[in-house]
Amino acid sequence: MYDYSLYEYDSIVIGTGAAGYNAACRLTQEGKKTVAVVTEGVNCGTSRNTGSDKQTYYKLGLSGDSPDSVRSMASNLFAGGSVDGDNALCEAALSARCFLNLCELGVPFPVNRYGEYVGYKTDHDPFARATSAGPLTSKFMTEALQKKAAELNIKIFDRLLAVEILKNENGVCGLLCLNLNNGEYVIFRCTDIIIATGGPAGIYEDSVFPECHTGSTGLALDAGVSLQNMTEWQYGLASIAPRWNVSGTYMQVIPRFVSIDENGNEYEFLSEYFDDIYEAMSAVFLKGYQWPFDSRKVMTGSSVIDLLVYRECVMKKRRVYLDYTKNPFGLDEIEFTKLSEEAYEYIRKAESCFGKPIERLAKMNQPAIDLYASKGLDITKDYLEIALCAQHNNGGIAVDLWWQTEMKGLFAAGECAGTHGVTRPGGSALNAGQVGSLRAAQYISASDRTIVSESDFTAISEKALEKHIQFRKAVLTNDGNADELLKKARRRMSDCGAAIRDRKAICEAVSEIKAELENFESNVGAGSEAELYKAYKLKDTLTVQYAALSAMNDFANVTGVTRGSSLYTDEKGGLREGLNELFRFTEDDGNTVGRVQQVKIENGECVITWRNVRPLPSDDDFFENVWRVYRENKNIY
């Protein structure tokens with residue numbers, strides 16, 4: 001039998017982002033379980049390596065005289081559609097606790113002179129619940145939680161790629177990992193696992209997720225648990241080198257949009273669609289507020305800009321850029337009063353009715369220029385290449401009100417957990433990651449699951465290990481092509497299953513991916529042991545693509561409509577004048593949002609089911625009853 005390292009802990013957390021560190025800290029602070037963290041790269045992940053113009057944290061209102069309540073916030077989260085009410089209530093009820101914990105750990109959320117945590121409105125937010133510590137809010141969170149984990153002496157196993165959840169009839173019993181340093185296998189014997197590996201970022205080529213973040217959602221699919229709402233993503237315009245959202249003031253200063261073909265010819269393509277250049281510039285301005293692509297804003301709103309960029313990039317095979325050095329459409333000066341009233345009033349109040357886009361950006365938000373400079377790009381001189389990119393998965397692994405999956409002992413927290421629906425308030429993902437990891441830790445700390453016997457575990461782990469050794473031998477025998485196949489798979493996904501979804505292309509892709517998975521060990525090569533992990537990453541990517549595209553195909557067949565941050569081509573639908581037939585669609589009338597679609601893989605086939613959302617729990621708590629049960633079990637059941 002192949003040699004391997006073996007460790008024993010009560011609980012394993014996979015991932016070193018904000019959710020993963022919080023889960024480990026909360027478990028350790030309870031003092032009832034031994035805990036370790038496994039990560040393929042301690043400095044990887046979205047929460048550490050990404051941000052936006054003003055990265056938002058969404059929580060209960062904690063300032064001013066506007067009334068707010070837990071129930072109100074829960075109702076707003078639930079209203080996003082295809083959201084489970086118990087998750088929404090938990091995210092609202094624990095938002096203040098989780099936010100204030102971050103404040104105590106040193107995340108610099110601003111307060112006024114009286115100590116109020118002032119807020120602002122974000123997208124899909126009827127209250128001013130949003131706050132921010134700047135463009136790197138989630139990075140600050142991750143660093144603060146990492147520091148706390150170090151203070152608690154939590155063991156971090158770096159450079160380990162989790163490749164299989166070990167289980168028996170009673171649920172989780174261990175975890176099998178690949179050591180990226182030496183290619184050897186490492187096994188953990190445990191009773192509980194929290195997956196906190198972020199969204200399945202690696203399935204798309206056009207992506208604003210950091211390149212070091214690919215996700216491990218296939219780990220859950222291979223374990224036999226369900227994903228839900230995998231049709232629901234956020235897509236938006238982003239620079240591709242470096243990867244960064246071009247939201248907020250990046251759009252509100254009205255840059256010039258240009259595309260360049262393979263022969264070097266340049267096109268200011270917005271003028272090819274808009275008859276009125278001031279209508280075009282007003283739409284560009286609105287992309288700052290309305291950054292995510294939104295199918296409801298296609299026919300008359302700003303999301304037509306996203307479609308025009310997609311048309312240039314994908315359909316015409318051109319590269320698209322933002323130019324901050326010149327005003328659009330050859331204008332020496334913009335007549336700002338001719339913009340929409342909303343655009344004009346904003347720019348006027350910002351005292352920026354002058355000059356070129358870069359001059360307006362320097363006036364309104366100099367750090368936005370500095371950010372790109374810190375990444376090696378001078379947008380005061382150079383074009384900024386952009387595309388319509390995947391930014392966030394609103395779906396993910398199906399969990400209950402304790403963030404536990406269908407498998408006992410297996411939990412998911414952060415973006416990999418599917419607690420969001422069709423839409424969500426901007427910044428609610430950061431709150432959901434903190435709440436979900438706390439809930440999972442609370443439940444695990446109160447549970448009495450026991451570690452499987454040594455003899456039973458040996459049989460389970462060595463059977464799994466034998467399978468992976470065969471996988472290893474197969475892919476190391478073949479010529480190294482994993483990188484090439486991964487790029488091809490990601491390009492296919494971005495072309496057919498991103499913001500624009502063509503049913504015929506999706507069906508073809510599903511068939512191709514299924515065949516690729518069935519013949520994986522015959523056709524995929526890692527080249528060397530140092531690149532073995534690439535074969536695992538490709539398999540994870542194809543597995544998640546298979547489930548996601550199958551879900552999209554089913555959604556189109558069952559509902560026939562478009563909703564959220566995607567557009568399903570429908571030859572019987574409506575089309576905005578001047579756009580291609582690919583962009584014809586039928587808008588959802590609201591009848592789909594009370595249902596949740598779930599997908600799992602059984603015997604190589606995607607099995608898709610639909611269920612009603614779990615409703616918002618009724619508010620009939622009587623204090624004495626709650627207190628009595630709390631004294632017995634802290635209401636963890």
Side-chain angles (χ1 to χ4, degrees), residues 17-19 22 45-64 66 68 73 76-77 79-80 88 91-92 94-96 98-103 107-112 116-145 198-199 208-210 233-238 243-252 286-294 346 364-365 367-368 371 389 391-394 414-415 419-421 423-436 565:
N22 191 57
T46 292
S47 53
R48 186 187 296 276
N49 292 289
T50 194
S52 65
D53 178 66
K54 183 168 61 180
Q55 195 181 29
T56 298
Y57 192 104
Y58 187 72
K59 47 90 184 100
L60 193 69
L62 297 174
S63 67
S66 298
D68 200 0
M73 181 175 171
N76 296 145
L77 293 171
E91 289 178 15
L94 288 166
S95 72
C98 289
F99 172 74
L100 293 172
N101 177 62
L102 293 170
C103 295
V107 180
F109 291 109
V111 297
N112 64 17
E116 292 179 287
Y117 286 97
V118 296
Y120 56 90
K121 283 189 178 183
T122 184
D123 45 308
H124 308 298
D125 174 18
F127 293 85
R129 295 190 179 115
T131 187
S132 173
L136 301 176
T137 299
S138 63
K139 182 176 188 289
F140 295 156
M141 290 167 53
T142 306
E143 290 171 343
L145 288 160
V208 73
F209 289 93
W233 289 72
Q234 272 192 352
Y235 305 94
L237 298 179
R243 296 183 175 191
W244 203 260
N245 295 343
V246 286
S247 56
T249 47
Y250 287 118
M251 289 293 163
Q252 289 158 347
L286 282 175
K287 289 308 299 174
Y289 287 141
Q290 301 170 357
W291 176 80
F293 172 73
D294 186 343
Y346 184 96
M364 294 165 65
N365 188 359
L371 187 144
C389 294
Q391 188 261 352
H392 190 275
N393 186 199
N394 280 6
E415 188 182 342
T419 62
H420 305 297
T423 61
R424 60 179 179 84
S428 60
L430 294 183
N431 174 65
Q434 295 301 288
V435 171
S565 192

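Scope of the values below: all heavy atoms of this structure, side chains included, with no hydrogens, waters or symmetry mates. Positions are given from 1, in the same order as the sequence printed here.
A tilted orientation is assigned to the rings of F99 and Y57, their planes being inclined by 30° to 60°.
Residues Y235 and Q391 fail the side-chain proximity criterion, which asks for heavy atoms closer than 4.5 Å. Side-chain atoms of H392 and E415, non-hydrogen and from C-beta on, do get closer than 4.5 Å to each other. The shortest distance between side-chain heavy atoms of Y289 and Q252 falls below 4.5 Å. A 4.5 Å side-chain heavy-atom check between Y58 and L77 finds at least one atom pair inside the cut-off. You'll find the side chain of M141 stays beyond 4.5 Å of the side chain of N22, heavy atoms only. Proximity of C103 to F109: side-chain heavy atoms (C-beta onward) are separated by under 4.5 Å at one or more points. Residues T50 and F209 are not in side-chain contact: their nearest non-hydrogen atoms beyond the backbone lie 4.5 Å or more apart. At a threshold of 4.5 Å between non-hydrogen side-chain atoms, the residues H420 and S428 count as touching.
For R129, the salt bridge (charged side-chain N to carboxylate O under 4.0 Å, His left out) partners at least two apart in sequence or on another chain are D68. Qualifying side-chain hydrogen bond (donor to acceptor under 3.5 Å, both in side chains) partners for T56, counting only residues two or more places apart in sequence or in other chains: Y120. Qualifying ring-ring contact (aromatic ring centres under 6.0 Å, His included) partners for F127, counting only residues two or more places apart in sequence or in other chains: none. Looking at residues two or more places apart in sequence or on another chain, you find no side-chain hydrogen bond (donor to acceptor under 3.5 Å, both in side chains) involving D123. Residues satisfying the side-chain hydrogen bond (donor to acceptor under 3.5 Å, both in side chains) criterion with K139, sequence neighbours excluded, are E143. For S138, the side-chain hydrogen bond (donor to acceptor under 3.5 Å, both in side chains) criterion is met by Q55, not counting sequence neighbours.
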Evaluation steps, side-chain contact (heavy atoms from CB on, under 4.5 Å), between S565 and F293: CA-CA 5 Å; S565 192; F293 172 73; 3.8 Å; yes
Step by step, work out the side-chain contact (heavy atoms from CB on, under 4.5 Å) result for L145 and F140. CA-CA 9 Å; L145 288 160; F140 295 156; over 6 Å; no
Evaluate side-chain contact (heavy atoms from CB on, under 4.5 Å) for N245 paired with W291, printing each intermediate quantity in order. CA-CA 9 Å; N245 295 343; W291 176 80; 3.4 Å; yes
Test side-chain contact (heavy atoms from CB on, under 4.5 Å) on T131 and L62 and set out the steps. CA-CA 10 Å; T131 187; L62 297 174; over 6 Å; no
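Between K59 atom NZ and N431 atom CG the span is 10.0 Å, to the nearest 0.5 Å. If you take CG on L430 and OG on S132, they are separated by 9.5 Å, rounding to the nearest 0.5 Å. A distance of 8.0 Å separates OG1 of T423 from CG of D294, quoted to the nearest 0.5 Å.
The backbone N or O of A18 sits less than 3.5 Å from a side-chain atom of Q434, completing a donor-acceptor pair. Side chain of N101 to backbone of C98: no donor-acceptor contact under 3.5 angstrom is found.
In plain terms, the two heavy atoms of G288 and M251 that are nearest each other are N-CB, 3.4 Å. Counting all heavy atoms, side chain and backbone alike, A133 lies closest to V107 at CB-CG1, 4.3 Å. Residues W244 and N49 approach most closely at CZ3-O, 4.4 Å, considering heavy atoms. When every heavy atom of T122 is checked against every heavy atom of G426, the shortest pair comes out as CG2-O, 3.1 Å. The nearest pair of heavy atoms linking V118 to S63 is CA-OG, 3.4 Å.
For the residue pair S247 and S52, no side-chain donor N or O sits within less than 3.5 Å of a side-chain acceptor on the partner.
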